[in-house]
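One structure is given below, encoded as C-alpha cells.
FYI, side chains are in, hydrogens and waters are out, and symmetry mates aren't considered; it's all heavy atoms of this structure. Residue numbers run from 1 in the order of the sequence given.
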Amino acid sequence: MRAELNNILSGFDAITLEQMDAVKLMDRMDTKFIFRNSMLPEYLDQLRKHYRVLEIGGLRGGRYETLYYDTEGFSLYHAHQAGKLNRYKVRSRKYLDSNLCFFEVKFKSNKGRTVKERIKCPTIEEVISGRSADFLAEASPLKAAALCPSAWIYYTRITMVNNNSPERLTLDVDLNVRFGGREKSFSDMVIAEVKQSRSTPSPFIRLMHDRRLREGSISKYCLGVIHTQSNVKINNFKPRLRRINKVIYGKSM
C-alpha cells in the first residue's frame, strides 16, 4: 500500500485477530460499494473515530491470494450472472502475511444472506481432494470431481470493525485477476463491503450515501472470469461494468 494510506491507518486504534473472533459474521448481510482509489484517504479520515483496524504483525493491510473453482462450463459463474439465489462459490484462500490457508464454501440464500463455512488447509491445491472434498460434500450439493480451477484473485484488504456494533468493513485495493495467461489489474478501484448480522446504522454506509455513492458492486470472482475467459455470457453484468467504468474512469464502456 502507498505510504499515504499507511500513515492514515496508523491513526486508527488497532484490533487483533483474536479480538476479531467476536465479530466473525459467517452468517450475514453484505452491502457493497465501489469507488476510486484516490478517494480512499479522504474516506478513511472520516472513519477514524468509528472503526478499529485489524493489525497482524505490525501490518494494517493483509495480502490475499484466492483460487476459485467452477465447473468446466462455469455453472457457478452463470448462476451469479443470471441473478439466481441459493447459489454457491467455492474457493481456497491464503492470507499471505500470516501464512494461513482455508478452503471455503459460500452460499447466497434466497433471503439475501451470505453464509460462509470453511476449514483450514495446508496450502492452496488446484485439485479438491481429501478433507476438502469431504467438507465440500457436507457444505453443499457440489461434487469435488466436477470442479476445477477457474480464476486466481490477488488483492490487499484493509479490515475494520465498528466500535459500537457487530459490523465488519473490508476495503479491497490493488485487485489483480489472472488465469490461463490472461491478467487484468484494477488498481484504480476500491471494493468496499459492509458485513452485518442484521441491518443496523453504519457510519460507512452513511458516508457513502453522503457522497451520493449507490450501493452495488460486482463479485471479484465474476470480474476475474469476465476478464480471463472469452466464452462466458456477460449480458446481465453489462450495467455493472458500465457503472464501474463511469465511477472509476469517468467513462462508459
Side-chain angles (χ1 to χ4, degrees), residues 1-26 28 30 32 34-35 37 40-41 43-45 47-48 50-69 89-106 114 116-126 131-132 135 149 151-163 166-179 183-195 204 217 219-221 223-224:
M1 290 188 297
R2 297 192 305 268
E4 180 184 14
L5 283 185
N6 287 326
N7 288 337
I8 295 173
L9 290 173
S10 68
F12 282 76
D13 290 336
I15 185 170
T16 67
L17 200 56
E18 292 74 18
Q19 291 171 322
M20 290 263 294
D21 283 345
V23 202
K24 284 186 175 180
L25 298 176
M26 303 295 270
R28 66 192 188 230
D30 296 335
K32 297 182 180 181
I34 57 169
F35 53 86
N37 198 328
L40 185 54
Y43 294 162
L44 286 173
D45 191 56
L47 298 172
R48 186 181 293 115
H50 300 291
Y51 294 88
R52 290 168 289 167
V53 63
L54 176 63
E55 180 176 306
I56 300 176
L59 299 174
R60 296 195 167 193
R63 296 175 300 145
Y64 285 48
E65 176 185 46
T66 307
L67 174 62
Y68 284 86
Y69 307 90
K89 286 181 188 170
V90 182
R91 67 193 184 198
S92 290
R93 169 169 288 172
K94 188 170 186 179
Y95 299 80
L96 296 176
D97 299 301
S98 61
N99 208 34
L100 289 173
C101 190
F102 294 90
F103 178 77
E104 303 181 344
V105 177
K106 285 183 71 176
T114 298
K116 184 171 77 171
E117 298 183 74
R118 68 183 188 178
I119 57 171
K120 281 187 178 181
C121 54
T123 189
I124 292 178
E125 296 182 342
E126 296 199 0
R131 186 171 174 234
S132 295
F135 175 74
W152 288 93
I153 313 289
Y154 301 85
Y155 55 92
T156 295
R157 169 166 287 182
I158 302 165
T159 301
M160 298 184 171
V161 174
N162 191 316
N163 290 330
E167 172 201 325
R168 283 194 189 195
L169 166 64
T170 59
L171 303 166
D172 295 340
V173 301
D174 298 331
L175 178 67
N176 185 277
V177 301
R178 304 175 194 170
F179 198 75
E183 182 175 353
K184 174 73 173 179
S185 173
F186 297 89
S187 58
D188 293 324
M189 178 172 65
V190 177
I191 298 178
E193 187 169 355
V194 175
K195 309 166 198 284
F204 180 77
S217 180
S219 142
K220 289 185 285 293
Y221 171 57
L223 267 182

*Atom CD in Glu125, atom OG in Ser92: separation rounded to 0.5 Å?*
7.5 Å
*Compare every heavy atom of Phe135 with every heavy atom of Arg118, then report the nearest pair and how far apart it is.*
N-CZ, 3.5 Å
*Kindly give the heavy-atom pair with the smallest separation between Tyr69 and Leu67, and that separation in Å.*
CE1-O, 3.7 Å
*Mind checking whether Leu169 and Asn162 have side chains closer than 4.5 Å, heavy atoms only?*
no
_My understanding is that only residues two or more places apart in sequence, or in another chain, count here; which of them pass side chain to side chain contact (heavy atoms under 4.5 Å, CB included) with Ser10?_
none
*asked:* If the condition is side chain to side chain contact (heavy atoms under 4.5 Å, CB included), which residues does Glu55 pass it with, not counting sequence neighbours?
replied: Ala14, Arg60
*Heavy-atom distance under 4.5 Å between the side chains of Leu171 and Phe204, does that happen here?*
yes
_Considering all heavy atoms, the nearest Ile8-Pro41 contact_ = CD1-CB, 3.4 Å
*asked:* Rounded at 0.5 Å granularity, tell me how far OG in Ser185 sits from CZ in Arg178.
replied: 9.5 Å
*From Leu9 CG over to Leu47 CG, what is the distance, rounded to the nearest 0.5 angstrom?*
10.5 Å
*asked:* Donor-acceptor check, side chain of Asn37 to backbone of Ser187, threshold 3.5 angstrom: yes or no?
replied: yes
*Provide the closest heavy-atom pair for Lys220 versus Val177 in the form atom of the first, atom of the second, distance.*
O-CG1, 4.4 Å
*In Å and rounded to the nearest 0.5 Å, what is the CD to CG distance from Glu193 to Asp172?*
7.5 Å
*When you measure from the side chain of Tyr155 to the backbone N and O of Ile191, does any donor-acceptor pair fall under 3.5 Å?*
no
*Minimum heavy-atom separation for Gly224 to Ile153, with atom names?*
CA-CD1, 4.1 Å
*asked:* Test of understanding: with ring pair (Phe, Tyr, Trp, His ring centres under 6.0 Å), list the residues that count as partners of Phe103, not counting sequence neighbours.
replied: none
*Using atom types as modelled and distance alone, determine if a side-chain donor or acceptor of Asp97 lies under 3.5 Å from a backbone N or O of Arg63.*
yes
*Identify whether NZ of Lys or CZ of Arg in Lys89 sits under 6.0 Å from the centre of the six-membered ring of Tyr221 and within 45° of that ring's axis.*
no
*asked:* Working to the nearest 0.5 angstrom, can you tell me the gap between Lys116 NZ and Asp30 CG?
replied: 9.5 Å
_The criterion is ring pair (Phe, Tyr, Trp, His ring centres under 6.0 Å); which residues satisfy it with Phe12, sequence neighbours excluded?_
none
_Determine whether Tyr43 and Phe35 satisfy the following criterion, ring-ring contact (aromatic ring centres under 6.0 Å, His included), listing intermediate values before the conclusion._
CA-CA 10 Å; Tyr43 294 162; Phe35 53 86; 4.9 Å; yes
_Under the side chain to side chain contact (heavy atoms under 4.5 Å, CB included) test, residues paired with Asn163 that sit two or more places apart_ = Arg52
_Heavy-atom side-chain contact between Leu44 and Met160 under 4.5 Å_ = yes
*Between CG of Leu54 and CD1 of Ile56, what distance do you get to the nearest 0.5 Å?*
4.5 Å
_To check you understand the geometry: which heavy-atom pair defines the closest contact between Thr156 and Asp174, and what is its length?_
OG1-OD2, 4.4 Å
*List for me each residue that meets side chain to side chain contact (heavy atoms under 4.5 Å, CB included) alongside Glu65, sequence neighbours excluded, and say none if there are none.*
Lys94, Leu96, Ile124, Trp152, Tyr154
*asked:* Can you tell whether the side chains of Lys106 and Glu104 come within less than 4.0 Å, N to carboxylate O?
replied: no
*Are Ile34 and Lys32 close enough, and set up right, to give a side chain to side chain contact (heavy atoms under 4.5 Å, CB included), and what steps lead you there?*
CA-CA 7 Å; Ile34 57 169; Lys32 297 182 180 181; over 6 Å; no
